[in-house]
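Input: a single structure, listed below in structure tokens.
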Amino acid sequence: MKPQRNYITSFSNPKVKWVAGLKEKRNRDEEKKFFIEGYREIKKAITGNPNSPIPCLPVNITSLFISPECFLGDNEESLIASIRCPIFELPRKIFEKISYRDRPDGLIAVAETPSAMVPWNSIQTSETNPILIIEGVEKPGNLGTILRTAEGAGVGLVIVTDPRIDLFNPNVVRASTGTIFTLPVYIGDLTEVLTEFKKQGYKQYAVTPEGKTLYTSVNLKEKSVFLFGSEQYGLSPLAKELADTTLYLPMFGEADSLNLAMSCGIVLYESIRQRSK
């Protein structure tokens with residue numbers, strides 16, 4: 001039996017304006033809501049990662065906006081049936097107005113914005129390795145790509161310090177392909193975070209173009225924290241000062257640095273290579 005649906009047939013319906021407004025940070029802050037668009041993203045949001053020793057961000061979906069005209073497969077109805085919340089069905093043209101995507105797949109979930117502060121009680125009992133810290137990231141798409149890469153590389157925890165963007169920006173969710181819900185991702189204070197992990201015996205590596213040590217020449221099999229800075233400014237002097245070692249990636253030609261997400265991927269997969277030996 002299908003859950004009861006509310007049908008929206010007018011562009012002037014207040015719900016259309018309301019959900020479209022969640023693309024803007026000020027509206028997300030005011031409503032304490034954010035939206036998750038796409039089948040796989042919503043699927044990951046409701047599934048999470050029950051095997052993670054550190055809890056992932058909790059997701060409580062409060063409403064679902066759908067457009068069967070936009071569905072791409074045969075599994076959408078079963079996903080919709082698994083979510084207990086008000087459902088609003090829209091024709092394609094109206095759904096495209098609220099969508100964040102050029103070619104939407106007909107599914108948008110609105111969820112309560114969870115607290116993203118670091119849950120130290122859970123982390124202090126975990127032996128996760130490696131850990132990734134991103135300082136001052138500015139581009140939502142870059143952060144989303146970093147999260148996707150981090151999960152693929154076996155990172156156990158990501159902490160964003162001094163964020164210049166909203167963790168729940170729709171483009172973060174989209175670029176991460178929903179891994180923001182299956183990988184523990186939190187926001188923390190840089191000094192507090194590094195001090196705590198130092199107490200727990202983690203070696204802390206600041207990756208920067210001014211680094212003193214080639215990234216392949218250190219032992220990454222031990223418990224490691226990797227620090228990366230913003231796209232424009234890199235790591236702060238404080239981050240480099242607090243780290244145990246500064247690492248660099250070799251650069252040839254005229255470019256002086258790599259894309260932030262690419263740099264993360266290179267270092268994280270080097271840690272996999274070393275740990276798999």
Query - F65 and W18 aromatic ring geometry - parallel, tilted or perpendicular at 30°/60° bounds - result: tilted
Are any side-chain N or O atoms of [X] and backbone N or O atoms of [Y], one a donor and one an acceptor, separated by less than 3.5 Å?
X: S224; Y: E222; result: yes
X: N49; Y: T182; result: yes
X: N142; Y: E231; result: no
X: S63; Y: P86; result: no
X: E76; Y: G73; result: yes
X: K223; Y: Q200; result: yes
X: N6; Y: I87; result: yes
X: E37; Y: Y100; result: yes

Query - Side-chain donor-acceptor contact under 3.5 Å, E210 with T246 - result: no
Query - ring pair (Phe, Tyr, Trp, His ring centres under 6.0 Å) partners for F95, two or more places apart - result: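 Partners of F95 under the ring pair (Phe, Tyr, Trp, His ring centres under 6.0 Å) test: none.
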Query raised in the report: Would you say the side chain of F181 lies within less than 4.5 Å of the side chain of T47, judging by non-hydrogen atoms?
Result: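 Contact flag for T47/F181 side chains = no.
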**Report entry** Charged N-O contact under 4.0 Å between R5 and E89
**Finding:**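 Counted as a salt bridge, because a side-chain N and a carboxylate O are separated by less than 4.0 Å.
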Query raised in the report: What's the shortest heavy-atom distance between L268 and P130, and which atoms?
Result: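 Of all heavy-atom pairs spanning L268 and P130, the closest is CD2-CG, 4.5 Å.
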Query raised in the report: Which atoms form the tightest heavy-atom contact between L258 and S263, and what is the distance?
Result: CB-OG, 3.3 Å
